[in-house]
Amino acid sequence: DLSRLLPAPPGMGAVRLEIVEGGPVGVAALSAEPVAADGRLLIPRPVLAATGNIVSAAAEQLTPERDRLGRVPTSANLLIGAGAADTPVVSRLAMHMRQAIARVAGDRPYRALAPWPHGKRWAAALTHDLDVVALWPAFTALRLAELGRKGEWRQVGRILGTAARSLFADPVRDAVLQILAVEAELGIRSTWFILCGTPTVATFRMGDLTYRPESAATRRILEAVGSGGHEIGLHGSLETAAHPDRFIVQHERLGVLAPNVGRGVRQHFLRMAPGLSQRGMISGGFAYDATWGFSDRNAFRLGVADVVPWFETEGDTVTPLDVVPFCWMDRTQSKYLGVEDPMEWARVALERAERCREVEGLWCGIWHPNLAAPLGYPGAPEAFGFLGRGLAGDATAWLAPLGEVVQWRRRRRSAGAVAIGPTGEVVAHAAHPGAPLWLEDAAGAPREQVEG
């Protein structure tokens, strides 16, 4: 699926994939160049084992380790342990497989599926987690305490002045509208994840549920987001991490407030129990999970810059849920890495986007809409504009909400060769509906359109 190679039925005379024994094991297996000769591509079994373990986060599904927020610690990730999380190693391996087969196809039928619709070569998705709506001065105070611990006293003074001038304003809504204005100018439609539980003193103290989704302030934000054609998904609260059955309640509640709500979810604080949480998401009617990524570093947690089906280790089966990992988040750099320059955050985001572009994959990033000067982040809105222009300025990139990205990848994944036509054309069919899908030859030139 990640290689974009078009599957062909037996008897069509295409290049064959053969599983062989031996070779390096673990993450090291992914660094070996694919061996292709005589119309065959040889896949060592350890490569399949490593790929499966990384993409399914098998070690994370099985470990009992948890950090203070109940998350699987970064150290449990196989790629982190091998020092290989900075690049999408599985996506890169898939690209090398496709290139190897193109070299040895010769007179045999060869077709790859176009990576993304409308002739685009890679994809990017901007996402926003709405963590703050009400009582914003409390979050400014928390931010000032964070900066004080770092000794950033000049920054503290600057923020105090800005916050004082905004006491009778609504800086969160202003920041949301500023983001929407940038995206409208650049033609970007993004995905917004909304908390949809009932806040209490306890949830507020934990930084979990901090606003009522039915409040007038939240409704105004939902209306602005929806009117811009953006996607709205659920930001699952900490309650859903402990009780996955609550996904259904929160999803239905959000559906009342935003009738066009999508079928995506991302857990607040990235807190989940791998496997258990995904089973809850499936029961809650979600199509994709956008939780997978690191809180403390901008890297590739599942080794892919793409959309992959969720594999359930406990049941040893592929599920109907897709996983859309993100590889960059704004607060990772300020909260965990100590980088307080928003422009540097954006530069790192674009650097990660370049790694996704190299494998014709998907870049997914998180920008929090409460990153505004009165809440402790001077310069952040300007950095968001820089990031948006950097992504939208690449004519080869397809920018779309996550729901559309997942729908496209399901269509591409469902395609397969059916026959060879009388003049040598490849006939292919896709079971999943969606935008026109094209086949490409070994040189990357478009050839036939996929039926269905």
Side-chain angles (χ1 to χ4, degrees), residues 1-4 26-32 47-61 63 71-98 115-116 121-127 191 266-267 270 272 274 278 288-311 322-333 336-337 345-367 387 390-391 397 402 405-406 409:
D1 176 40
L2 294 173
S3 73
R4 297 199 286 110
V27 177
L30 304 185
S31 61
V47 169
L48 298 179
T51 298
N53 287 335
I54 292 167
V55 175
S56 69
E60 297 183 60
Q61 290 195 55
T63 182
R71 301 174 297 200
V72 173
T74 299
S75 58
N77 181 268
L78 290 176
L79 293 174
I80 292 295
D86 282 342
T87 57
V89 290
V90 176
S91 292
R92 187 176 59 191
L93 172 66
M95 178 183 68
H96 290 165
M97 284 176 53
R98 182 179 70 254
W116 302 100
R121 304 311 300 179
W122 66 290
L126 274 167
T127 68
T191 300
R266 173 181 289 143
Q267 286 298 87
L270 310 181
M272 62 174 170
Q278 281 67 41
Y288 71 86
D289 172 20
T291 306
W292 290 90
F294 296 114
S295 59
D296 59 355
R297 67 196 68 201
N298 289 313
F300 298 88
R301 185 170 178 178
L302 301 182
V304 299
D306 215 318
V307 179
V308 291
W310 174 248
F311 185 84
D322 273 306
V323 172
V324 191
F326 69 89
C327 63
W328 178 86
M329 179 168 62
D330 45 23
R331 280 291 277 155
T332 294
Q333 288 161 274
Y336 292 95
L337 303 180
W345 308 347
R347 283 190 286 270
V348 171
L350 294 174
E351 187 273 336
R352 290 294 183 267
E354 175 62 20
R355 297 186 186 187
C356 299
R357 187 192 67 80
E358 290 171 355
V359 296
E360 296 184 321
L362 166 70
W363 176 90
C364 178
I366 303 174
W367 186 276
L387 170 59
L391 295 172
L402 289 183
V405 171
V406 169
R409 285 294 283 108

Check: Do Arg297 and Thr74 have side-chain N/O donor and acceptor atoms under 3.5 Å apart?
Finding: no

Margin query: Considering only residues two or more places apart or on different chains, which pairs with a residue in residues 298-307 satisfy salt bridge (Lys or Arg N to Asp or Glu O under 4.0 Å)?
Written below: Glu60-Arg301, Asp306-Arg409

Notebook entry, point to check: Of all residues at least two apart in sequence or in a different chain, which pass the side-chain hydrogen bond (donor to acceptor under 3.5 Å, both in side chains) check with Ser91?
Noted result: none

Margin query: Which label fits Trp345 and Trp367: parallel for a plane angle under 30°, tilted from 30 to 60°, or perpendicular past 60°?
Written below: tilted

Notebook entry, point to check: How would you list, by chain and number, every residue that makes a ring pair (Phe, Tyr, Trp, His ring centres under 6.0 Å) with Trp363, sequence neighbours excluded?
Noted result: none

Margin query: For Glu360, is there any backbone N or O sitting under 3.5 Å from a side-chain donor or acceptor partner on Arg121?
Written below: no

Notebook entry, point to check: Would a distance-only check, ignoring hydrogens and angles, find a side-chain to backbone donor-acceptor pair under 3.5 Å from Thr291 to Gln267?
Noted result: yes

Checklist line | Asp322: side-chain hydrogen bond (donor to acceptor under 3.5 Å, both in side chains) partners, not counting sequence neighbours | finding: Arg410, Arg413

Next item on the list: Verify, without hydrogens or angle tests, whether Thr332 (side chain) and Ser295 (backbone) share a donor-acceptor contact under 3.5 angstrom.
Entry: yes

Note to self: For Arg355, give me all partners under side-chain hydrogen bond (donor to acceptor under 3.5 Å, both in side chains), at least two apart in sequence or on another chain.
What the structure shows: Glu351

Check: Quick one: CG on Leu126 to CG on Leu391, what's the gap to the nearest 0.5 Å?
Finding: 5.5 Å

Note to self: I'd like to know if Glu358 pairs up with Arg92 as an ion pair, taking the criterion as any Lys NZ or Arg NE/NH1/NH2 lying under 4.0 Å from an Asp or Glu carboxylate oxygen.
What the structure shows: no

Item checked: Any residue meeting side-chain hydrogen bond (donor to acceptor under 3.5 Å, both in side chains) with Arg357, in chain and number order, not counting sequence neighbours -> Glu354

